J.: 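My questions all concern the structure below.
Atoms within each ligand, like the ligands themselves, are counted from 1 in listed order. As the structure is a prediction and not an experimental result, all values here were calculated from the model.
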Amino acid sequence: MTKRFDLSGEVAVITGGGRGIGLACAEALGEAGAKLVLIEPQIAAAQAGVDALNEKGIEAEAAEGDVTDSARMTAIADQLASEGRAATILVNNAGIGEAGTALEDTTDAQWLRMMDVNLNGLFWCTRAFGSHMVKAKRGSIVNLGSMSGLIANRPQPQTPYNVSKAAVHHLTRSLAAEWGQHNVRVNAVAPTYIETPMVLSNPLNQDRIPLWLADTPMGRMGQAEEVANAVLFLASGGASLVTGAVLPVDGGYTCW
Ligand code: NDP
(Lines give C-alpha, C1' and ligand atoms only; values in the text may rest on other atoms or scores of the structure.)
Protein backbone atom coordinates (compact mmCIF):
# COMPACT_ATOMS: atom_id res chain seq x y z
CA MET A 1 0.00 0.00 0.00
CA THR A 2 1.41 3.43 -0.87
CA LYS A 3 1.95 5.75 2.03
CA ARG A 4 -0.12 8.92 1.77
CA PHE A 5 2.76 11.38 1.81
CA ASP A 6 5.35 9.19 0.12
CA LEU A 7 7.39 11.07 -2.50
CA SER A 8 9.51 8.19 -3.79
CA GLY A 9 10.19 8.69 -7.50
CA GLU A 10 9.54 12.44 -7.35
CA VAL A 11 12.12 15.06 -8.28
CA ALA A 12 11.71 18.20 -6.18
CA VAL A 13 13.31 21.52 -7.05
CA ILE A 14 13.48 24.05 -4.24
CA THR A 15 14.52 27.61 -5.04
CA GLY A 16 16.40 29.36 -2.24
CA GLY A 17 16.79 25.92 -0.70
CA GLY A 18 20.10 26.58 0.99
CA ARG A 19 18.72 27.91 4.25
CA GLY A 20 15.64 29.00 6.16
CA ILE A 21 12.22 27.82 5.03
CA GLY A 22 13.58 26.46 1.75
CA LEU A 23 16.03 24.18 3.51
CA ALA A 24 13.33 22.99 5.91
CA CYS A 25 11.10 22.20 2.90
CA ALA A 26 13.94 20.28 1.29
CA GLU A 27 14.39 18.23 4.44
CA ALA A 28 10.68 17.43 4.67
CA LEU A 29 10.42 16.43 1.00
CA GLY A 30 13.67 14.47 1.19
CA GLU A 31 12.50 12.58 4.28
CA ALA A 32 9.43 11.59 2.26
CA GLY A 33 11.66 10.14 -0.45
CA ALA A 34 11.95 12.88 -3.10
CA LYS A 35 15.19 13.48 -4.99
CA LEU A 36 16.19 17.09 -4.29
CA VAL A 37 17.73 19.92 -6.29
CA LEU A 38 18.48 23.13 -4.37
CA ILE A 39 18.88 26.34 -6.38
CA GLU A 40 20.73 29.34 -4.99
CA PRO A 41 22.43 32.36 -6.64
CA GLN A 42 25.70 31.28 -5.00
CA ILE A 43 26.66 27.64 -5.43
CA ALA A 44 28.29 27.70 -1.98
CA ALA A 45 24.92 28.57 -0.41
CA ALA A 46 23.23 25.69 -2.21
CA GLN A 47 26.08 23.38 -1.20
CA ALA A 48 25.72 24.45 2.44
CA GLY A 49 22.12 23.24 2.26
CA VAL A 50 23.19 19.99 0.65
CA ASP A 51 25.80 19.46 3.37
CA ALA A 52 23.23 20.08 6.12
CA LEU A 53 20.89 17.56 4.51
CA ASN A 54 23.65 15.00 4.03
CA GLU A 55 24.37 15.17 7.75
CA LYS A 56 20.79 14.04 8.30
CA GLY A 57 21.15 11.22 5.80
CA ILE A 58 19.27 12.99 3.00
CA GLU A 59 20.78 13.24 -0.48
CA ALA A 60 20.49 16.40 -2.54
CA GLU A 61 22.30 18.26 -5.26
CA ALA A 62 23.20 21.91 -5.58
CA ALA A 63 22.55 24.12 -8.59
CA GLU A 64 23.70 27.67 -9.11
CA GLY A 65 21.00 30.02 -10.33
CA ASP A 66 19.25 33.26 -9.61
CA VAL A 67 15.49 33.03 -10.05
CA THR A 68 15.50 36.43 -11.75
CA ASP A 69 17.51 34.86 -14.58
CA SER A 70 14.79 33.37 -16.75
CA ALA A 71 17.18 31.74 -19.21
CA ARG A 72 19.11 30.06 -16.40
CA MET A 73 15.93 28.67 -14.85
CA THR A 74 14.91 27.26 -18.24
CA ALA A 75 18.38 25.76 -18.71
CA ILE A 76 18.24 23.96 -15.34
CA ALA A 77 14.72 22.68 -16.02
CA ASP A 78 15.63 21.44 -19.52
CA GLN A 79 18.86 19.85 -18.31
CA LEU A 80 17.00 17.82 -15.69
CA ALA A 81 14.43 16.77 -18.28
CA SER A 82 17.12 15.74 -20.75
CA GLU A 83 18.57 13.49 -18.05
CA GLY A 84 15.17 11.84 -17.59
CA ARG A 85 14.53 13.45 -14.24
CA ALA A 86 12.33 16.43 -14.96
CA ALA A 87 11.02 18.14 -11.86
CA THR A 88 7.68 16.78 -10.66
CA ILE A 89 7.60 19.06 -7.61
CA LEU A 90 8.58 22.73 -7.54
CA VAL A 91 8.77 24.73 -4.34
CA ASN A 92 8.97 28.39 -5.30
CA ASN A 93 10.57 29.53 -2.08
CA ALA A 94 13.21 32.11 -3.10
CA GLY A 95 12.14 35.51 -1.93
CA ILE A 96 13.31 38.73 -0.36
CA GLY A 97 11.70 40.81 2.33
CA GLU A 98 12.03 44.46 3.11
CA ALA A 99 10.06 46.27 5.76
CA GLY A 100 10.04 49.71 7.30
CA THR A 101 10.24 52.00 4.28
CA ALA A 102 7.24 54.28 3.82
CA LEU A 103 5.80 54.14 0.32
CA GLU A 104 6.62 57.79 -0.33
CA ASP A 105 10.28 56.99 0.36
CA THR A 106 10.40 53.77 -1.65
CA THR A 107 12.67 54.08 -4.66
CA ASP A 108 12.02 52.73 -8.13
CA ALA A 109 14.89 50.32 -7.60
CA GLN A 110 13.44 48.96 -4.33
CA TRP A 111 10.03 48.39 -5.90
CA LEU A 112 11.45 46.77 -9.03
CA ARG A 113 13.82 44.50 -7.10
CA MET A 114 10.98 43.25 -4.90
CA MET A 115 8.83 42.43 -7.92
CA ASP A 116 11.77 40.96 -9.81
CA VAL A 117 12.62 38.35 -7.17
CA ASN A 118 9.28 37.65 -5.52
CA LEU A 119 7.04 37.74 -8.61
CA ASN A 120 9.03 37.66 -11.85
CA GLY A 121 11.43 35.04 -10.51
CA LEU A 122 8.57 32.86 -9.36
CA PHE A 123 6.94 33.22 -12.77
CA TRP A 124 10.11 32.27 -14.67
CA CYS A 125 10.60 29.18 -12.48
CA THR A 126 6.97 28.14 -12.74
CA ARG A 127 7.05 28.37 -16.51
CA ALA A 128 10.44 26.67 -16.85
CA PHE A 129 9.78 23.69 -14.57
CA GLY A 130 6.00 23.63 -14.97
CA SER A 131 6.21 23.22 -18.75
CA HIS A 132 7.74 19.80 -18.23
CA MET A 133 5.00 18.92 -15.74
CA VAL A 134 2.37 19.92 -18.30
CA LYS A 135 4.04 17.64 -20.86
CA ALA A 136 4.22 14.79 -18.34
CA LYS A 137 0.63 15.43 -17.25
CA ARG A 138 1.57 15.43 -13.59
CA GLY A 139 3.18 17.71 -11.08
CA SER A 140 2.76 19.79 -7.98
CA ILE A 141 3.87 23.37 -7.45
CA VAL A 142 3.91 24.99 -4.02
CA ASN A 143 4.49 28.72 -3.79
CA LEU A 144 5.72 30.61 -0.77
CA GLY A 145 3.13 33.31 -0.38
CA SER A 146 2.68 35.08 2.91
CA MET A 147 0.00 36.26 5.28
CA SER A 148 1.23 39.64 4.05
CA GLY A 149 -0.57 38.83 0.80
CA LEU A 150 -3.82 38.58 2.80
CA ILE A 151 -3.45 41.40 5.35
CA ALA A 152 -1.33 44.52 5.77
CA ASN A 153 1.23 44.06 8.51
CA ARG A 154 1.65 46.48 11.38
CA PRO A 155 3.41 48.51 12.67
CA GLN A 156 6.00 48.43 9.87
CA PRO A 157 5.09 49.64 6.39
CA GLN A 158 5.96 47.07 3.71
CA THR A 159 3.61 47.64 0.80
CA PRO A 160 5.90 46.36 -1.99
CA TYR A 161 6.42 43.01 -0.22
CA ASN A 162 2.70 42.68 0.54
CA VAL A 163 1.77 43.39 -3.07
CA SER A 164 4.32 40.89 -4.38
CA LYS A 165 2.85 38.16 -2.19
CA ALA A 166 -0.76 39.00 -3.07
CA ALA A 167 0.27 38.61 -6.70
CA VAL A 168 1.81 35.22 -5.89
CA HIS A 169 -1.50 34.16 -4.36
CA HIS A 170 -3.47 35.13 -7.42
CA LEU A 171 -0.94 33.57 -9.78
CA THR A 172 -1.48 30.41 -7.71
CA ARG A 173 -5.24 30.47 -8.21
CA SER A 174 -5.11 31.49 -11.87
CA LEU A 175 -2.61 28.82 -12.78
CA ALA A 176 -4.42 26.15 -10.77
CA ALA A 177 -7.44 26.88 -12.96
CA GLU A 178 -5.35 26.80 -16.12
CA TRP A 179 -3.33 23.66 -15.38
CA GLY A 180 -5.95 21.55 -13.60
CA GLN A 181 -6.67 19.91 -16.97
CA HIS A 182 -3.01 18.84 -17.13
CA ASN A 183 -3.05 17.24 -13.68
CA VAL A 184 -0.61 19.86 -12.39
CA ARG A 185 -1.67 21.22 -9.01
CA VAL A 186 -0.66 24.70 -7.90
CA ASN A 187 -0.98 25.77 -4.28
CA ALA A 188 0.54 28.29 -1.88
CA VAL A 189 1.26 28.61 1.80
CA ALA A 190 0.80 31.93 3.57
CA PRO A 191 3.03 31.92 6.67
CA THR A 192 3.10 34.33 9.57
CA TYR A 193 6.46 35.61 10.90
CA ILE A 194 8.88 32.70 10.85
CA GLU A 195 12.11 32.70 12.81
CA THR A 196 14.55 32.65 9.87
CA PRO A 197 17.41 34.99 8.91
CA MET A 198 14.90 37.09 6.91
CA VAL A 199 13.16 38.11 10.15
CA LEU A 200 15.87 37.69 12.79
CA SER A 201 18.64 39.54 10.92
CA ASN A 202 16.77 42.85 11.05
CA PRO A 203 17.45 44.51 14.44
CA LEU A 204 14.42 46.79 13.99
CA ASN A 205 12.19 43.74 14.31
CA GLN A 206 13.04 43.32 18.02
CA ASP A 207 10.75 46.23 18.91
CA ARG A 208 8.04 45.00 16.59
CA ILE A 209 7.83 41.46 17.88
CA PRO A 210 5.65 42.18 20.96
CA LEU A 211 2.96 43.73 18.76
CA TRP A 212 3.19 40.88 16.26
CA LEU A 213 2.65 38.35 19.05
CA ALA A 214 -0.24 40.34 20.49
CA ASP A 215 -1.85 40.21 17.03
CA THR A 216 -1.49 36.42 16.86
CA PRO A 217 -4.10 34.19 18.52
CA MET A 218 -1.47 31.53 19.24
CA GLY A 219 0.85 34.21 20.63
CA ARG A 220 4.05 33.10 18.91
CA MET A 221 6.04 33.20 15.70
CA GLY A 222 6.57 30.08 13.65
CA GLN A 223 9.43 27.74 12.86
CA ALA A 224 10.57 26.88 9.36
CA GLU A 225 9.67 23.22 9.95
CA GLU A 226 6.05 24.17 10.58
CA VAL A 227 5.86 25.75 7.14
CA ALA A 228 7.66 22.78 5.61
CA ASN A 229 5.05 20.38 6.99
CA ALA A 230 2.31 22.28 5.15
CA VAL A 231 4.42 22.37 1.98
CA LEU A 232 4.94 18.60 2.22
CA PHE A 233 1.20 18.06 2.46
CA LEU A 234 0.45 20.26 -0.55
CA ALA A 235 3.28 18.73 -2.61
CA SER A 236 2.21 15.17 -1.91
CA GLY A 237 -0.50 12.87 -3.18
CA GLY A 238 -2.17 13.42 0.20
CA ALA A 239 -3.42 16.68 -1.33
CA SER A 240 -4.50 15.07 -4.61
CA LEU A 241 -7.73 17.10 -4.81
CA VAL A 242 -6.26 20.35 -3.51
CA THR A 243 -5.36 22.98 -6.06
CA GLY A 244 -5.61 26.76 -6.06
CA ALA A 245 -5.46 26.83 -2.27
CA VAL A 246 -3.65 29.51 -0.27
CA LEU A 247 -3.13 27.84 3.09
CA PRO A 248 -2.48 30.14 6.04
CA VAL A 249 0.25 28.80 8.32
CA ASP A 250 -0.02 31.66 10.74
CA GLY A 251 -1.06 30.70 14.26
CA GLY A 252 -4.38 32.38 13.53
CA TYR A 253 -2.95 35.83 12.67
CA THR A 254 -5.38 36.34 9.77
CA CYS A 255 -8.39 35.42 11.95
CA TRP A 256 -8.29 38.82 13.67
P1 NDP B 1 15.71 33.66 3.99
O2 NDP B 1 16.15 35.04 3.63
O3 NDP B 1 16.12 33.09 5.28
O4 NDP B 1 16.14 32.64 2.82
C5 NDP B 1 15.82 32.94 1.50
C6 NDP B 1 16.70 32.13 0.60
O7 NDP B 1 16.34 32.45 -0.76
C8 NDP B 1 18.17 32.50 0.76
O9 NDP B 1 18.97 31.35 0.71
C10 NDP B 1 18.42 33.41 -0.40
O11 NDP B 1 19.76 33.40 -0.88
C12 NDP B 1 17.52 32.81 -1.46
N13 NDP B 1 17.27 33.78 -2.51
C14 NDP B 1 17.06 35.11 -2.39
N15 NDP B 1 16.96 35.69 -3.58
C16 NDP B 1 17.12 34.69 -4.49
C17 NDP B 1 17.15 34.67 -5.90
N18 NDP B 1 17.00 35.77 -6.60
N19 NDP B 1 17.32 33.48 -6.53
C20 NDP B 1 17.50 32.34 -5.81
N21 NDP B 1 17.49 32.31 -4.47
C22 NDP B 1 17.32 33.48 -3.82
O23 NDP B 1 14.13 33.69 3.86
P24 NDP B 1 12.99 32.75 4.49
O25 NDP B 1 13.44 31.35 4.54
O26 NDP B 1 12.49 33.40 5.68
O27 NDP B 1 11.87 32.94 3.37
C28 NDP B 1 11.63 32.02 2.34
C29 NDP B 1 10.34 32.40 1.65
O30 NDP B 1 9.27 32.41 2.59
C31 NDP B 1 10.36 33.78 0.98
O32 NDP B 1 9.65 33.73 -0.23
C33 NDP B 1 9.62 34.63 2.00
O34 NDP B 1 9.04 35.76 1.41
C35 NDP B 1 8.59 33.66 2.52
N36 NDP B 1 8.05 34.00 3.82
C37 NDP B 1 8.89 34.18 4.89
C38 NDP B 1 8.37 34.54 6.12
C39 NDP B 1 9.23 34.76 7.31
O40 NDP B 1 8.72 35.30 8.30
N41 NDP B 1 10.48 34.34 7.33
C42 NDP B 1 6.93 34.73 6.29
C43 NDP B 1 6.15 34.51 5.11
C44 NDP B 1 6.71 34.16 3.93
P45 NDP B 1 20.76 34.66 -0.58
O46 NDP B 1 21.44 34.30 0.67
O47 NDP B 1 21.68 34.65 -1.77
O48 NDP B 1 19.95 35.87 -0.49
J.: Tabulation required: pairs of a nitrogen or oxygen in ligand 1 and a protein nitrogen or oxygen under 3.5 Å; columns are atom names and distance to 0.1 Å; otherwise 'none'.
T.:
residue: ligand 1; atom: 2 (O); partner: R19; partner atom: NH2; Å: 2.8
residue: ligand 1; atom: 3 (O); partner: R19; partner atom: NE; Å: 3.1
residue: ligand 1; atom: 4 (O); partner: R19; partner atom: NE; Å: 3.3
residue: ligand 1; atom: 9 (O); partner: E40; partner atom: OE1; Å: 3.1
residue: ligand 1; atom: 9 (O); partner: E40; partner atom: OE2; Å: 2.6
residue: ligand 1; atom: 11 (O); partner: E40; partner atom: OE1; Å: 2.9
residue: ligand 1; atom: 18 (N); partner: D66; partner atom: OD1; Å: 2.8
residue: ligand 1; atom: 19 (N); partner: V67; partner atom: N; Å: 3.0
residue: ligand 1; atom: 25 (O); partner: I21; partner atom: N; Å: 2.8
residue: ligand 1; atom: 26 (O); partner: T196; partner atom: OG1; Å: 2.4
residue: ligand 1; atom: 32 (O); partner: N93; partner atom: O; Å: 2.8
residue: ligand 1; atom: 32 (O); partner: K165; partner atom: NZ; Å: 3.0
residue: ligand 1; atom: 34 (O); partner: Y161; partner atom: OH; Å: 2.7
residue: ligand 1; atom: 34 (O); partner: K165; partner atom: NZ; Å: 3.1
residue: ligand 1; atom: 40 (O); partner: I194; partner atom: N; Å: 2.7
residue: ligand 1; atom: 41 (N); partner: I194; partner atom: O; Å: 3.4
residue: ligand 1; atom: 41 (N); partner: T196; partner atom: OG1; Å: 3.1
residue: ligand 1; atom: 46 (O); partner: R19; partner atom: NH1; Å: 3.1

J.: In terms of the angle between their ring planes, are Y193 and W212 parallel, tilted or perpendicular, with boundaries placed at 30° and 60°?
T.: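 Y193 and W212: parallel rings.
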J.: Does the pair E10/R138 count as a salt bridge with the N-to-O cut at 4.0 Å?
T.: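 Here E10 pairs with R138 in a salt bridge, since their nearest N and O are under 4.0 Å apart.
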J.: Taking atom CD of E83 as the centre, report whether more than 12 heavy atoms of other residues, nucleotides or ligands fall under 6.0 Å from it.
T.: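 Yes, the 6.0 Å shell around CD holds more than 12 heavy atoms from other groups.
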J.: Step through the shown structure and confirm whether more than 12 heavy atoms of other residues, nucleotides or ligands are within 6.0 Å of CD on Q223.
T.: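 Counting neighbours around CD of Q223, more than 12 heavy atoms of other residues, nucleotides or ligands fall under 6.0 Å, so yes.
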J.: Tell me whether D105 at atom CG has more than 12 heavy atoms from other residues, nucleotides or ligands lying less than 6.0 Å away.
T.: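 Result for CG/D105: enclosed.
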J.: For atom NZ of K137, decide whether the heavy atoms of other residues, nucleotides or ligands shown that lie under 6.0 angstrom number more than 12.
T.: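 Yes, NZ of K137 has more than 12 neighbouring heavy atoms, counting only those of other groups under 6.0 Å.
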